[in-house]
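Quick note: numbers below take in every heavy atom, side chains included, and nothing from hydrogens, waters or symmetry partners. None of the values given here were measured: they were computed from a predicted structure.
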Amino acid sequence: MFGYVRPSVRDLPEEELDRFRAMYCGLCHTLSRRYGQAARFILNYDFTYLAILLSDGTAGAQGAGRCYTSPIKKRPFLEPTAAMELAADESVILAYWQLRDGVEDYAWASGLKYRAGARLLESAYKRAAALRPEFDQAVRRQLQLLSALEQAKDPSMDRAADSFAVLLSSAAEELTDPIRKRIMEQILYHLGRWIYLADAWDDLAEDREAGNYNPLLARYGDQAEQHQAALRETMHVSLGLANTAYALLDWGVWEPLLGHILTIGLPAVEEAVFTGQWKQAKHPRLFQRDQAPALPAGETDKENKKL
């Protein structure tokens, strides 16, 4: 995924940061148990947020253990739950198809890393797709729509953003409570739309130079940068609608963290993207307050955004 969905470390209470850490590490352990060590490399903050959204409002049991990033000191992590397993399965499917998308987007030499990643993840993807066939089909369908828009150089930002937003909203497909499912779909839809538009601006210069499709370039051409205010306004509408849907449910222990990310974390990421700070930050740290940069931290380089 893109790595945009994260808390703002400096503004997050210690208790909530610890809770986020435990879910992040718990999802990592879940990926490893279900799909092997290689699957851990697809983990990012977007998938962690998805796992929190899908949870039942409780944190569940907590364990502690070592891993390849912390071989000496044990770290606390949340034990796998049904929600974390669903998030892990959907994360594998999303990561695989985004890698395949990278293969299609780049020339043979430039796309080697995406080919290698897709090959490494292929067996895990097949297992995840067998477990979640409806989500897999939804991802395929929406990526095909996006590909058609790209090939046609469609100038509609709404059509392109909608395709990705529908894709992300499909992550709630397996929820059984109809009210909760509807609310979750709305949150994920508007979050997906915001993510797509943020990424379009973030990649604007690179896409112009490479001649790649970008909905902003398709619509505004060389004048794209002059339409920043209009783009941010529609992104603010999406965040507002996501917040409206979020307010309709009781999220239990996760409510402060989820609300923080929607109201503080994402606006801070947006500001970083539009001021250029996001591109400038290379591998900033999420979990260390004393080293946290002035923008939300995380995987901001191009490789990690593709995962």
Side-chain angles (χ1 to χ4, degrees), residues 1-9 11-35 39-65 67-70 75-95 98 124 128 135 168 171-172 184 187-188 191-192 194-195 198 242 246 251-266 268-269 283-289 292 295-301 304-307:
M1 288 280 278
F2 301 91
Y4 295 134
V5 184
R6 65 193 58 229
S8 176
V9 179
D11 303 308
L12 192 63
E14 191 69 35
E15 179 183 1
E16 300 306 324
L17 180 59
D18 289 343
R19 207 185 310 277
F20 189 83
R21 284 176 176 144
M23 176 60 87
Y24 182 92
C25 292
L27 184 57
C28 185
H29 281 276
T30 305
L31 283 164
S32 176
R33 293 178 188 182
R34 291 174 77 79
Y35 298 108
R40 285 179 156 175
F41 290 96
I42 71 169
L43 178 68
N44 70 11
Y45 306 135
D46 296 343
F47 294 151
T48 305
Y49 191 76
L50 177 61
I52 294 171
L53 277 177
L54 293 171
S55 71
D56 62 0
T58 63
Q62 183 169 293
C67 65
Y68 73 95
T69 61
S70 183
R75 286 184 176 177
F77 66 90
L78 296 182
E79 294 286 356
T81 63
M84 292 165 70
E85 290 175 351
L86 175 58
D89 297 343
E90 293 179 339
S91 298
V92 168
I93 292 169
L94 281 168
Q98 286 195 307
F135 181 67
L168 197 57
M184 194 78 71
I187 294 172
L188 290 170
L191 187 60
W194 181 91
I195 289 171
Y246 158 79
W251 301 93
V253 299
W254 298 107
E255 189 156 324
L257 180 57
L258 290 171
H260 164 91
I261 292 175
L262 282 175
T263 60
I264 298 177
L266 293 184
V269 168
H283 302 290
R285 296 170 174 81
L286 173 65
F287 295 143
Q288 299 182 31
R289 289 183 187 276
L295 62 149
E299 317 96 322
T300 62
D301 63 303
N304 283 325
K305 279 176 59 186
K306 276 290 182 181
L307 294 178

*Under the side-chain contact (heavy atoms from CB on, under 4.5 Å) criterion, do Y49 and L191 qualify, and how do the steps go?*
CA-CA 11 Å; Y49 191 76; L191 187 60; 3.8 Å; yes
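- Of all the heavy atoms in R75 and C25, the pair that sits closest is CD-SG, 4.4 Å.
- Note that CG of D11 and OG1 of T263 are 9.5 Å apart. Values are rounded to the nearest 0.5 Å.
- Side-chain contact between F77 and L27 is absent, with no heavy-atom pair separated by less than 4.5 Å.
- C28 SG to N44 CG: the interatomic distance, rounded to the nearest 0.5 Å, is 11.5 Å.
- In terms of heavy-atom proximity, V92 sits nearest to A128 at CG1-CB, 3.9 Å.
- No donor-acceptor pair closer than 3.5 Å links the side chain of S32 to the backbone N or O of H29.
- The two residues A88 and R34 have their closest heavy-atom pair at CB-CD, 4.4 Å.
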*Derivation of the side-chain contact (heavy atoms from CB on, under 4.5 Å) call for W254 and R19*: CA-CA 8 Å; W254 298 107; R19 207 185 310 277; 3.4 Å; yes
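- Atom CG of L78 is separated from atom OG1 of T30 by 9.0 Å, given to the nearest 0.5 angstrom.
- Tested against F135 for a side chain to side chain contact (heavy atoms under 4.5 Å, CB included), the candidates L94, L86, D89 yield a single pass: L94.
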*side-chain contact (heavy atoms from CB on, under 4.5 Å) assessment of Y246 paired with E255*: CA-CA 9 Å; Y246 158 79; E255 189 156 324; 3.1 Å; yes
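- Taking E79 as the reference, R33 meet the salt bridge (charged side-chain N to carboxylate O under 4.0 Å, His left out) condition, with sequence neighbours excluded.
- Considering only heavy atoms from C-beta on, T48 comes within 4.5 Å of L43 through its side chain.
- Annotation for A51 and A83: closest pair O-CB, 4.4 Å, computed over non-hydrogen atoms.
- Annotation for L12 and P7: closest pair CD2-CB, 3.7 Å, computed over non-hydrogen atoms.
- Considering CD1 of I52 and CG of L257, their distance stands at 4.5 Å, rounded to 0.5 Å.
- Counting all heavy atoms, side chain and backbone alike, A171 lies closest to E90 at O-OE2, 2.9 Å.
- The CG atom of L50 sits 8.5 Å away from atom CE of M184, with the distance rounded to the nearest 0.5 Å.
- Every residue two or more places apart in sequence or in another chain that forms a side chain to side chain contact (heavy atoms under 4.5 Å, CB included) with D18 is listed here: E14, R21.
- Counting heavy atoms from C-beta on, the side chains of W251 and L53 come closer than 4.5 Å.
- Under the 30°/60° scheme for interplanar angles, the aromatic rings of Y45 and F20 are found to be tilted.
- A distance of 12.0 Å separates CG in L266 from OH in Y4, rounded to the nearest 0.5 Å.
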*For M84 and T81, what are the C-alpha separation, side-chain angles and deciding distance, and is it a side-chain contact (heavy atoms from CB on, under 4.5 Å)?*
CA-CA 5 Å; M84 292 165 70; T81 63; 3.4 Å; yes
